[in-house]
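Side chains are part of it too, since the values below use all heavy atoms of this structure and drop only hydrogens, waters and symmetry mates. All chains are named by letter (A, B, ...) in the order of the sequence lines, taking the proteins before the strands, and each is independently numbered beginning at 1.
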Amino acid sequence: MVPVSAVGARGGSAPPRSNDPRPRLAQTLFGVEFQSPVLLASGTCGYGREYDGLIPLDRIGGLVTKAVSVEPRTGNPPHRIAETPAGMINAIGLHNVGLDRFISEKLPWLRDNLERARVFVNVVGRTVEDYAEVVSRLDVEEGFLGYEINVSCPNVKGGTMFGTDEAALAELVGRLRTCTERPIVVKLTPNVPDIGVFARLCEEEGADGLSAINTFPGMLIDVDRRRPVIGNVSGGVSGPAILPMGVYLTWRASRASSLPIMGIGGIRSARDALQYILAGASLVQVGTALFVDPSSAEAVHEGLEAHLERHAISSLTEMVGALELPAPPPPDAGTSG
Amino acid sequence: MTAASPLRHRASVLSNRRVAQDTWWLELDSPGIAAASRPGQFVMIGYGIENTAAPFLPRPFSVGWRAADGRVGILLRAFGPGTTRMARLRPGEDVLLLGPLGRPFELGRDRPIVCVAGGVGLAPFLFLADEARTAGRDVRLLYGERTGGRVFDPELLASLAGGPAEVWTEDGAVGQRGLVLEGIDWSADRVLLGCGPSLMLRALAESAAERGVALQVSVEEHMGCGVGTCQGCVVPRADGGWAKACTDGPVFEASELAWSP
Ligand SMILES: Cc1cc2nc3c(=O)[nH]c(=O)nc-3n(C[C@H](O)[C@H](O)[C@H](O)COP(=O)(O)O)c2cc1C
Ligand code: FES
């Protein structure tokens with residue numbers, strides 16, 4: 001099957017000519033125009049509608065839905081979330097309405113109410129066939145652009161399996177490629193020794209893009225009660241605390257593959273977003289910051305616009321992957337200590 | 001969206017006074033939220049996107065009171081680092097407000113109202129008693145605290161709620177000694193409402209269920225978004241599954257929820 005993203009190279013289309021009225025933040029990716037590089041991250045914006053009236057979705061780049069699985073999932077016991085230093089931990093447990101209700105109740109609103117916002121459906125499953133069923137059955141529907149394949153949620157037993165196992169991930173991506181011509185974006189887990197290996201593998205198996213990254217596994221203990229705070233014992237850590245790790249892993253992934261990347265993790269300002277973009281991301285997603293302030297995604301969008309204008313940069317694509325490394329580059333910038 | 005969208009704006013702190021041990025009464029300037037709120041609804045209060053220190057996530061607070069001049073009253077008890085910082089808010093500082101949010105109490109018509117409050121569960125009932133008494137309803141406000149030191153300044157309480165509360169303390173230092181539940185007259189016909197710590201709510205819900213009495217409770221859970229997107233705030237439903245405290249609640253019929261430990 002031929003991937004729909006004719007764009008191929010990271011960074012999208014050529015910069016606009018000087019008399020081109022195209023907005024500075026616009027890019028062509030996955031065969032369509034994104035008016036803004038700023039999307040809302042999966043699990044932090046529901047199915048879009050919940051933020052209607054609070055976030056002008058058609059002014060930003062789009063959104064990624066809560067994970068959709070074949071069967072409805074009830075999720076984990078409370079507490080499901082708690083604050084951590086400069087962030088939060090969550091173990092929602094992929095609580096979602098399931099594929100049938102997603103199609104009948106959630107997708108119509110997205111189809112009927114969004115014009116310019118691009119929608120990705122976040123897909124999760126326990127087996128390759130689970131994922132394939134969601135993708136195949138959704139594929140005939142309207143109201144979304146493509147899929148973000150969640151192989152990285154650490155909250156359900158075995159949930160890290162696809163994302164941390166090269167052979168399993170290759171099989172999954174290869175199989176999904178046969179189910180759809182829509183863009184397939186694989187959301188990588190940070191929980192692997194070398195994210196580049198997984199980025200490359202997704203590209204080889206026909207994926208159209210990468211999302212980097214999902215949450216980091218973590219734990220929070222109530223010392224007075226000597227108990228984990230989170231009902232599920234452990235959860236995923238997100239928010240500003242994970243920003244440098246997200247930027248680093250985005251950079252590693254972008255060096256290993258030529259797929260467009262959605263940079264995710266701790267973004268709450270245009271400068272945060274620019275770090276991801278310079279590291280190689282074409283798009284970014286804002287998650288936890290929406291809980292702190294629902295206006296934060298729009299603020300990131302406006303801040304990016306202002307930054308490009310101030311520095312007389314005519315197109316965001318000039319910034320994608322434009323990180324300048326010191327010469328000579330450190331022998332292995334991938335190690336610490 | 002059928003319900004009006006919540007408002008999001010920065011609001012000035014007008015005053016913040018200590019009203020009991022570890023307990024503050026905060027007044028914020030928010031004409032929009034003051035006008036739109038109904039008793040039982042809540043607001044998210046945060047420090048905004050620049051802030052990463054606790055409280056990093058905004059915290060839910062019941063609308064504790066409102067005034068025609070746009071003041072919104074919040075009852076705040078310092079439990080951890082986040083609320084301790086909020087207790088130090090000073091006039092002129094501002095916070096980020098989102099609200100009003102959630103499902104309010106249903107008061108029906110005419111029948112007397114009995115509010116059973118434990119600790120900072122008092123908050124929604126100051127607002128409710130004030131509105132309902134102004135509308136001519138008969139309101140009994142039963143209010144329990146563990147210790148006398150924690151009892152909300154009685155004069156301020158009476159002025160906010162349009163009348164006094166019947167106070168119960170476990171140490172007997174203020175009001176009657178015992179648990180606030182002892183104050184309920186189960187034979188009376190009334191609208192029964194509860195808000196407080198989960199153990200108190202469970203005892204109240206079990207007593208009401210045994211007697212076949214309808215009860216509305218306002219529940220608390222950790223929240224992320226406050227608007228129904230994150231699924232972070234769930235409480236167990238009686239029929240299995242989960243309800244979202246933020247949009248299905250925070251007010252529920254007690255019979256909608258599962259109360260077993
Ligand atoms: C409450 C919550 C729920 C999430 N649910 C999902 C999910 O269903 N699928 C998924 O791929 N990622 C999920 N994530 C991960 C986010 O999409 C994102 O990758 C992560 O939070 C890092 O970004 P942030 O720091 O901006 O939040 C969730 C995150 C949070 C905080
Ligand atoms: S706090 Fe996010 S769904 Fe209730």
Please flag which part of A:Val300 lies under 4.5 Å from any non-hydrogen atom of chain B: side chain, backbone, both or neither. neither
From the list A:Gly239, A:Gly231, A:Gly87, A:Ser269, the residue making the most non-hydrogen contacts under 4.5 Å with chain B is A:Gly87
Taking atom CZ of B:Arg90 as the centre, report whether more than 12 heavy atoms of other residues, nucleotides or ligands fall under 6.0 Å from it. yes
Look at atom CZ of B:Arg38 and say whether more than 12 heavy atoms of other residues, nucleotides or ligands are closer to it than 6.0 Å. no
Measure the NZ-CD distance between B:Lys244 and A:Glu50 for me, rounded to the nearest 0.5 Å. 5.5 Å
With chain A, which of B:Pro236, B:Gly48, B:Ala53, B:Pro55 has the greatest number of heavy-atom pairs at distances under 4.5 Å? B:Pro55
Selection from A:Gly43, A:Pro85, A:Cys45 maximising heavy-atom pairs under 4.5 Å formed with chain B: A:Cys45
Toward chain A, the part of B:Met223 with a non-hydrogen atom under 4.5 Å: backbone
Contact summary for B:Ile49 and A:Arg268, nearest pair of heavy atoms: O-NH1, 2.8 Å
State whether the number of non-hydrogen atoms from other residues, nucleotides or ligands found under 6.0 Å of B:Glu131 atom CD is greater than 12. yes
Examine distances only and state if a side-chain atom of A:Glu83 and a backbone atom of B:Phe56 form a donor-acceptor pair shorter than 3.5 Å. yes
Tell me, out of B:Gly46, B:Gly224, B:Gly80, who's got the most heavy-atom pairs with chain A below 4.5 Å. B:Gly224
Identify the residues of residues 18-29 of chain B whose heavy atoms come closer than 4.5 Å to a heavy atom of chain A, ordered by number, or report 'none'. none
Residues of residues 97-106 of chain A within contact distance of chain B, non-hydrogen under 4.5 Å: none
What part of B:Leu96 gets within 4.5 angstrom of chain A, counting heavy atoms only: side chain, backbone, both, or neither? side chain
Atom CZ of residue position B:Arg10 - does it have more than 12 heavy atoms of other residues, nucleotides or ligands inside 6.0 Å? yes
Between B:Arg59 and chain A, with a heavy-atom cut-off of 4.5 Å, which part of the residue counts as in contact: side chain, backbone, both or neither? side chain
Evaluate the side-chain proximity of A:Leu54 to B:Pro6: yes if any heavy-atom separation is below 4.5 Å, no if none is. yes
Examine distances only and state if a side-chain atom of B:His222 and a backbone atom of A:Ala82 form a donor-acceptor pair shorter than 3.5 Å. no
Kindly check if the number of other-residue, nucleotide or ligand heavy atoms within 6.0 Å of CZ (A:Arg111) is above 12? yes
Using non-hydrogen atoms and a 4.5 Å limit, figure out which bit of A:Thr74 sits close to chain B: side chain, backbone, both or neither. both
B:Arg237 atom CZ: more than 12 heavy-atom contacts under 6.0 Å: yes
Is it the case that atom CD in B:Glu170 sees more than 12 heavy atoms from other parts of the structure closer than 6.0 Å? yes
What one should report as the nearest heavy-atom pair of A:Thr44 and B:Thr229 is O-OG1, 3.4 Å
Contacts of B:Glu253 that satisfy side-chain contact (heavy atoms from CB on, under 4.5 Å) - sequence neighbours left out: B:Gln216, B:Ser255, B:Glu256
B:Glu221 portion near chain A, given a 4.5 angstrom heavy-atom threshold: side chain
Output the option from A:Ser296, A:Ser295, A:Gly75 having the highest count of non-hydrogen pairs under 4.5 Å with chain B. A:Ser295
Checking heavy atoms, do the side chain of B:Leu98, its backbone, both or neither come under 4.5 Å from chain A? side chain
Of all the heavy-atom pairs spanning A:Gly53 and B:Ser5, show the shortest one and how long it is. CA-OG, 3.5 Å
Given the options B:Gly241, B:Gly226, B:Cys225, B:Pro81, which has more heavy-atom pairs under 4.5 Å with chain A than any of the others? B:Cys225
Neighbourhood of chain B inside residues 287-294 of chain A, taking heavy atoms under 4.5 Å as contact: A:Thr288, A:Ala289, A:Phe291, A:Val292, A:Asp293, A:Pro294
Audit row: A:Arg80, B:Cys233, side chain to side chain contact (heavy atoms under 4.5 Å, CB included) steps and yes/no: CA-CA 7 Å; A:Arg80 287 182 173 185; B:Cys233 62; over 6 Å; no
Minimum heavy-atom separation for A:Ile81 and B:Cys230, please, with both atom names. CD1-SG, 4.4 Å
